[in-house]
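Structure record follows, encoded as structure tokens.
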Amino acid sequence: AGVKEDSFSVLDLAEYTKNRPWWRKVFAPSSGSSAEKYNVATQLVIGGVTGWCTGFIFQKVGKLAATAVGGGFFLLQIANHTGYIKVDWKLVERDVNKAKQQLKFHSSGNKMSPEVKSRVDEVIIFLKKNVILTGGFAGGFLLGMAS
């Protein structure tokens, strides 16, 4: 039986994007703020809707997580009280104190790594460029949390 050789063509993405101006407009790293693309009302609507959706989901997930953690702790207490399990509370207390000391040690330095600092700076620049969108998002997020 003859072996069929597959032929593959390689797509150079850099060359492809040079020949496609629409690609650069959509995916350009410095495509500018959304304030340049949309009017104020559109920015408020986009920010508000995405903020509301995020807030609503955040609220639901938060309630679910709180219920799971609280329920798990409650079941742990019942199992400990009835004798199904034995919890070494001294060991738990020692580990919690050790974690507190490590948190105090890390937070006392108050130094951010350069990577984190550059990301924070990028976020601040984005928020400054898109004040209306950010305001709409914040308002929508609060409404989503309240509903």
Side-chain angles (χ1 to χ4, degrees), residues 6 8-18 20-147:
D6 291 330
F8 296 101
S9 63
V10 177
L11 175 65
D12 185 5
L13 203 53
E15 288 299 319
Y16 179 80
T17 57
K18 284 181 187 174
R20 307 294 190 281
W22 62 269
W23 182 276
R24 285 192 305 267
K25 285 181 185 175
V26 173
F27 294 105
S30 59
S31 58
S33 69
S34 61
E36 298 168 0
K37 298 177 188 173
Y38 304 109
N39 64 20
V40 174
T42 306
Q43 288 181 63
L44 281 174
V45 168
I46 291 171
V49 169
T50 56
W52 183 86
C53 291
T54 305
F56 187 76
I57 291 170
F58 190 77
Q59 175 202 31
K60 296 298 180 190
V61 170
K63 283 183 181 177
L64 180 66
T67 303
V69 169
F73 186 71
F74 182 68
L75 289 175
L76 183 66
Q77 287 290 347
I78 290 175
N80 183 42
H81 182 69
T82 56
Y84 283 106
I85 61 172
K86 290 290 179 195
V87 178
D88 187 356
W89 290 110
K90 297 233 184 258
L91 180 64
V92 171
E93 184 180 0
R94 190 184 74 207
D95 288 344
V96 167
N97 287 334
K98 189 187 301 182
K100 283 182 188 177
Q101 288 174 353
Q102 287 179 348
L103 284 174
K104 285 180 185 176
F105 174 74
H106 289 300
S107 65
S108 65
N110 224 4
K111 292 183 180 178
M112 280 193 282
S113 68
E115 300 88 23
V116 173
K117 186 164 176 29
S118 69
R119 290 293 176 196
V120 169
D121 291 342
E122 285 179 27
V123 168
I124 290 171
I125 289 169
F126 175 80
L127 293 177
K128 285 181 180 177
K129 280 186 175 180
N130 300 295
V131 173
I132 297 169
L133 183 72
T134 304
F137 179 86
F141 183 81
L142 293 174
L143 284 174
M145 289 291 288
S147 60

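Start at 1 with the first residue, then count along the sequence.
The pair Glu93-Lys90 does not count as a salt bridge, with every side-chain nitrogen at least 4.0 angstrom from each carboxylate oxygen.
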Ignoring hydrogens and angles, write down the donor-acceptor pairs under 3.5 Å from the side chains of residues 54-65, residues two or more places apart or on other chains.
residue: Thr54; atom: OG1; partner: Thr50; partner atom: O; Å: 2.7
residue: Gln59; atom: NE2; partner: Met145; partner atom: O; Å: 3.2
residue: Gln59; atom: NE2; partner: Ser147; partner atom: O; Å: 3.1

Atom pairs and distances, donor-acceptor, side-chain atoms in residues 70-81, under 3.5 Å, two or more places apart:
none

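Residues passing the salt bridge (Lys or Arg N to Asp or Glu O under 4.0 Å) test with Arg94: none are found, sequence neighbours excluded.
The two residues Gln43 and Leu133 have their closest heavy-atom pair at O-CD1, 3.4 Å.
For the atom pair CD1 (Ile132) and OG1 (Thr42), the distance works out to 10.5 Å, reported to the nearest 0.5 Å.
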